[in-house]
Amino acid sequence: MADWLADLHIHSLLSPCADIEMTPHHIVRRAGESGVNLLAITDHNVSANVLPAVNKGQEYGVVVWPGVEVECQEGAHIVVLFDGMRKLNSFQQLIDKNMSGLQNNPEKFGGQFVVDENDDFVREEERLLLAPVNLSASQVVTAVDDIGGICVAAHIDRPSYSLLTYLGFLPPDAGFAAAEISRHSLKELTEKKLSPLISNLPYLTNSDAHTMEEFLSGPKNLLVMEEPTIKEFKLALMCSGGRRIEAGKFIAG
């Protein structure tokens, strides 16, 4: 078994709400320097900045899982994770077909920038990313499962963009592998007040970083797995065969 200090919900500068410093190269470099050896870039509804992070991760000893944060038809956020670009690209094609069709207003929402692994500008994303796609939560979960990924109900403790807020509860057959608690509700890890409402799903604590300070100071997860794959991650969520997850971890020092 090996230990993986993981942050599985991070935004790059492709998300309009993220700082310009959040380039794939910068994120991966600071992760490697800080002891984070597993992360996921999860921009809103798009994934064009993921491959540069995957490539740079090899240089800094950081495994990068391809991911995306989907805003489903209900208006809630779902963190979607894969362990291969081919799988993510297949899912992205489905998202692209179901985008809102609205155009971004950079002055109102912020710029949406695609860069390469050296932080060089490639293009600006013109579609509005801060909008629901025409897919229900159930449809997202089914599609991700068919492709071989995993779905996490994002920041369930928040009053907005949370499936728990919009639906009132997560039934056991909803298909989510875990629920994410934001940095503001870490007491929930011990109190478990929301647990009955989410069918006792295991908790994750990610930074949901939009700035470098949020990434460095935000909560992480200790994953004990044989290798950094989605298959192993699922086993760790079930505490199978010595694998486990400890949420609420932070970067040392």
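Just so we're clear, the structure is a prediction, and the values are computed from it rather than from any experiment.
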Positive for side-chain hydrogen bond (donor to acceptor under 3.5 Å, both in side chains) with H9, one of E69, H77, H155: E69
Carboxylate-amine/guanidinium contact R243 E226, below 4.0 Å: yes
L130 side, atom CG; R127 side, atom CZ - distance, nearest 0.5 Å: 13.0 Å
Any L81 side-chain heavy atom under 4.5 Å of I230 side chain: yes
Approximate separation, where rounding is to 0.5 Å, of Q73 CD and N98 CG: 8.5 Å
Under 3.5 Å side-chain donor-acceptor pair for H44 and E71: no
Under 3.5 Å: donor-acceptor pair, side chain of S34, backbone of R30: yes
Donor on one side chain, acceptor on other, D19 and T211, under 3.5 Å: no
Joint cluster assignment, L223 & I181, ILVMFWY side-chain distance < 4.5 Å: no
Short side-chain donor-acceptor distance under 3.5 Å, D96 and Q92: yes
Donor-acceptor pair, side chain of N49 and main chain of F113, under 3.5 angstrom: yes
N/O donor-acceptor pair under 3.5 Å between S90 side chain and K87 backbone: no
Exercise: identify the closest heavy-atom pair between A53 and P24: N-CB, 3.7 Å
Same apolar cluster: L88 and L14, side chain cutoff 4.5 Å: yes
Backbone of A209 reached by a side-chain donor or acceptor of E214 within 3.5 Å: no
Heavy-atom side-chain proximity of I95 to V68 below 4.5 angstrom: no
Chi angles and distances behind the side chain to side chain contact (heavy atoms under 4.5 Å, CB included) call for F91, V144: CA-CA 7 Å; F91 180 68; V144 172; 3.6 Å; yes
K192 to Y203 six-membered ring, cation-pi geometry met (6.0 Å, 45°): no
Close side-chain approach of F233 to I245, heavy-atom, < 4.5 Å: yes
Student check: side-chain heavy atoms of R183 and D208 closer than 4.5 Å: no
Derivation and outcome, salt bridge (charged side-chain N to carboxylate O under 4.0 Å, His left out), residues D3 and K249: CA-CA 12 Å; D3 291 351; K249 299 296 181 180; over 6 Å; no
Closest heavy-atom pair and its distance - S199, L170: OG-O, 2.5 Å
Connected via hydrophobic side-chain network under 4.5 Å: V152 and L163: no
Test item: S240 side-chain N/O and L235 main-chain N/O as donor-acceptor pair under 3.5 Å: no
Rounded distance [0.5 Å steps], CE in M85 versus CZ in F82: 10.5 Å
Any donor-acceptor N or O pair under 3.5 Å, side chains N221, D7: no
Separation between CG of D119 and OG1 of T23, rounded to the nearest 0.5 Å: 3.5 Å
Ring geometry between H11 and H210 (parallel below 30°, tilted from 30 to 60°, perpendicular above 60°): parallel
E232 versus E227, closest heavy-atom pair with distance: CB-O, 3.2 Å
Smallest separation among heavy atoms of S207 and I10, with atom names: OG-CG1, 4.1 Å
Atom CD of E107 with >12 non-hydrogen neighbours under 6.0 angstrom: no
Side chains of Q112 and P106 in contact at under 4.5 Å (non-hydrogen atoms): no
D145 (side chain) donor-acceptor with V141 (main chain) under 3.5 angstrom: no
Atom of A18, atom of S12 and distance for their closest heavy-atom approach: CB-O, 3.1 Å
E126 atom CD, over 12 foreign heavy atoms within 6.0 Å: no
Minimum heavy-atom distance between C72 and S136, given as atom pair plus value: CB-C, 4.1 Å
Between NE2 on residue H25 and CG on residue D120, distance to nearest 0.5 Å: 11.0 Å
R244/E246 salt bridge by N-O under 4.0 Å criterion: yes
Under 3.5 Å: donor-acceptor pair, side chain of N206, backbone of L8: yes
Path from V224 to L237 over hydrophobic side-chain contacts below 4.5 Å: no
CA sep, side-chain torsions, deciding dist, call: V36, V62, side chain to side chain contact (heavy atoms under 4.5 Å, CB included): CA-CA 7 Å; V36 176; V62 178; 5.6 Å; no
Distance-only donor-acceptor check, side chains D43 and S15, under 3.5 Å: yes
Between OG on residue S182 and CG on residue D157, distance to nearest 0.5 Å: 3.5 Å
Check: P228 main-chain N/O paired with W65 side-chain donor or acceptor under 3.5 Å: yes
CA sep, side-chain torsions, deciding dist, call: F176, I78, side chain to side chain contact (heavy atoms under 4.5 Å, CB included): CA-CA 9 Å; F176 291 94; I78 301 171; 3.8 Å; yes
Cluster link L186 to F215, ILVMFWY, side chain under 4.5 Å: yes
Donor-acceptor contact present, side-chain T205 to main-chain K220, <3.5 Å: yes
Residue pair L135 / L94, side-chain heavy-atom distance below 4.5 Å: yes
Intermediate values then yes/no, side chain to side chain contact (heavy atoms under 4.5 Å, CB included), I27 and M212: CA-CA 7 Å; I27 293 168; M212 191 55 62; 4.2 Å; yes
Side-chain touch H26/R29, heavy atoms, less than 4.5 angstrom: yes
Any donor-acceptor N/O pair, N104 side chain to G110 backbone, under 3.5 Å: yes
